[in-house]
Amino acid sequence: MAQRPPSAAVLVLHGGRETGTEPPPPGLLNLPGTRMRPFVRAVGRAARASGGNVLVTQVRYGHRGWNGDRANPFHDAVAALDALREEAGDELPVVLLGHSMGARAALRAAGHPLVRGVVGLAPWCPPGDPVTQLAGREIVLVHSNRDRMTSPQATQSLTARARRAGARTCMVTVRGGDHAMIRRASAWHRLTTRLVTGLLGSGSLPGPVAEALALPPTAEATEGTLDLDLDLGLDPGPDPGRFRARTRA
């Protein structure tokens, strides 16, 4: 019997390198991809607890690196979105969940008609990257204040630029975390699950995040920046919402 199309989807984009034209290694040897598996499981559990048919899947890359103007993972993300559109139609709500280079690809691909929002973890946000494609989307970026691989200051700047361009944006700072999201891992997982299910509409966003997303375009970058501990606290777990998930490796 044919499997019915999903009612919503989460596309997960792992990190990579600034340059690298070779394909990622397979399976567990692809450490950036392996790093995102706990997030896939956490989002999947939250969606399964509710009763819809959410697809949670990692985007496959053809190359390990961004590779300058080639922007390879961006094109991989768009191809995955186009395939979903072909499978499930134009009304499928999609949230993109990306880490580091994958967050950069998610932000660049957010102009696709299916995309409702983006959750970016330790995102790579070069100052010259475009933001006009984010208009009308909800963007939540999460960054450690101790990240030495990508810049939390650049992330904060992008949230303000994107808000001025018509996006609804918020940044959450994880004090004491790291780029690999190993320190305070459970907090990263719980917060990310709340954010993804909230943006999909299958759960409730944390109140301060919803308030930050509602800020006017003229708001300062600091107004839309929250502290995980001081502003959000650490609740017992995510709101599981109303969808059921199926995952693809």
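By convention here, the first residue in the shown sequence is residue 1.
Judged by distance alone, with hydrogens and angles left aside, the side-chain atoms of Thr225 form a donor-acceptor pair with the main-chain N or O of Ala221 at under 3.5 Å. Using modelled atom types, one side-chain atom of Glu223 and one backbone atom of Glu220 make a donor-acceptor pair closer than 3.5 Å.
Residues meeting the side-chain hydrogen bond (donor to acceptor under 3.5 Å, both in side chains) test with Arg175, sequence neighbours left out: Asp227. Residues forming a side-chain hydrogen bond (donor to acceptor under 3.5 Å, both in side chains) with Asp69 (at least two apart in sequence, or on another chain): none. For His189, the ring-ring contact (aromatic ring centres under 6.0 Å, His included) partners two or more places apart in sequence, or in a different chain, are Phe39. Taking the salt bridge (Lys or Arg N to Asp or Glu O under 4.0 Å) definition, one finds that Arg37 meets it with nothing, sequence neighbours left out. By the ring-ring contact (aromatic ring centres under 6.0 Å, His included) test, His14 is found to be paired with Tyr61, residues two or more places apart in sequence or in another chain being considered.
Evaluation of the ring pair (Phe, Tyr, Trp, His ring centres under 6.0 Å) test over residues 79-104, restricted to residues two or more places apart or in two chains, returns His99-His179.
Under a hydrophobic clustering in which Ile, Leu, Val, Met, Phe, Trp and Tyr are joined whenever their side-chain heavy atoms come within less than 4.5 Å, directly or via other members, Leu199 and Met171 fall into different clusters.
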side-chain contact (heavy atoms from CB on, under 4.5 Å) for Leu97 and Leu121? Distances and angles first, verdict last.
CA-CA 8 Å; Leu97 169 60; Leu121 309 177; 3.9 Å; yes
Given the rule in the salt bridge (charged side-chain N to carboxylate O under 4.0 Å, His left out) test, do Asp178 and Arg146 qualify, once you have shown the distances and angles that lead to the verdict?
CA-CA 6 Å; Asp178 63 332; Arg146 294 185 179 179; over 6 Å; no
side-chain contact (heavy atoms from CB on, under 4.5 Å) assessment of Thr173 paired with Leu226:
CA-CA 6 Å; Thr173 298; Leu226 306 173; over 6 Å; no
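Looking at Arg17 and Glu22, a side-chain N of the basic residue comes within less than 4.0 Å of a carboxylate O on the acidic one, giving a salt bridge. Salt-bridge formation is not detected for the pair Asp129/Arg161: no Lys NZ or Arg NE/NH1/NH2 atom is positioned less than 4.0 Å from an Asp or Glu carboxylate oxygen.
Listed here is the closest heavy atom pair of Gly176 and Asn145: N-OD1, 3.0 Å.
Residues Asp147 and Thr150 are in side-chain contact: their nearest non-hydrogen atoms beyond the backbone lie under 4.5 Å apart.
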